[in-house]
Amino acid sequence: MLHKSYFDSFVRIHRSFAVPRHLIRSKNNHEVELVHQIKLPIGRAYKENLSFFTPLG
């Protein structure tokens, strides 16, 4: 059985996508880049969900 605490490590970035927070490497106004150069769009309604993210380095 999956527990709610497991899903706390995910962030919704789009109606179709929720990603683990630790895999996000960078973001801009329109997309996030995950490990292995995977790029996914950020939905307008979900931009605020990424306010926690500050790039490393």
Side-chain angles (χ1 to χ4, degrees):
M1 184 158 130
L2 295 175
H3 296 278
K4 183 183 178 326
S5 62
Y6 175 77
F7 294 103
D8 288 341
S9 65
F10 283 75
V11 61
R12 168 111 18 224
I13 62 166
H14 189 276
R15 189 172 89 181
S16 300
F17 302 110
V19 298
R21 293 173 185 253
H22 70 277
L23 295 182
I24 299 173
R25 296 295 175 242
S26 65
K27 73 168 180 135
N28 62 36
N29 287 333
H30 306 289
E31 65 188 8
V32 295
E33 183 174 341
L34 308 178
V35 295
H36 305 295
Q37 292 83 35
I38 297 169
K39 294 182 179 181
L40 297 172
I42 300 172
R44 288 185 301 247
Y46 300 98
K47 287 185 182 195
E48 194 64 31
N49 291 354
L50 291 167
S51 62
F52 72 91
F53 182 78
T54 54
L56 299 174

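For Phe17, the ring-ring contact (aromatic ring centres under 6.0 Å, His included) partners two or more places apart in sequence, or in a different chain, are His14. The side-chain hydrogen bond (donor to acceptor under 3.5 Å, both in side chains) search around Asp8 returns Lys4, not counting sequence neighbours.
Separation of atoms CD1 (Ile13) and CG (Leu50) is listed at 7.0 Å; rounding is to 0.5 Å. In this structure, CD on Gln37 lies 9.5 Å from OG on Ser26, to the nearest 0.5 angstrom.
Residues Leu23 and Ile38 form no side-chain contact, since every pair of their non-hydrogen atoms from C-beta on lies 4.5 Å or further apart. Phe53 has its side chain out of reach of Val32: every pair of non-hydrogen atoms, C-beta onward, lies at least 4.5 Å apart.
Sequence neighbours left out, not one pair with a member in residues 21-46 passes ring pair (Phe, Tyr, Trp, His ring centres under 6.0 Å). A salt bridge (charged side-chain N to carboxylate O under 4.0 Å, His left out) check over residues 11-23, counting only residues at least two apart or in different chains, returns nothing.
A donor-acceptor pair is defined here as one N or O able to donate and one able to accept, closer than 3.5 Å; no such pair exists between the side chain of Lys47 and the backbone of Ile42.
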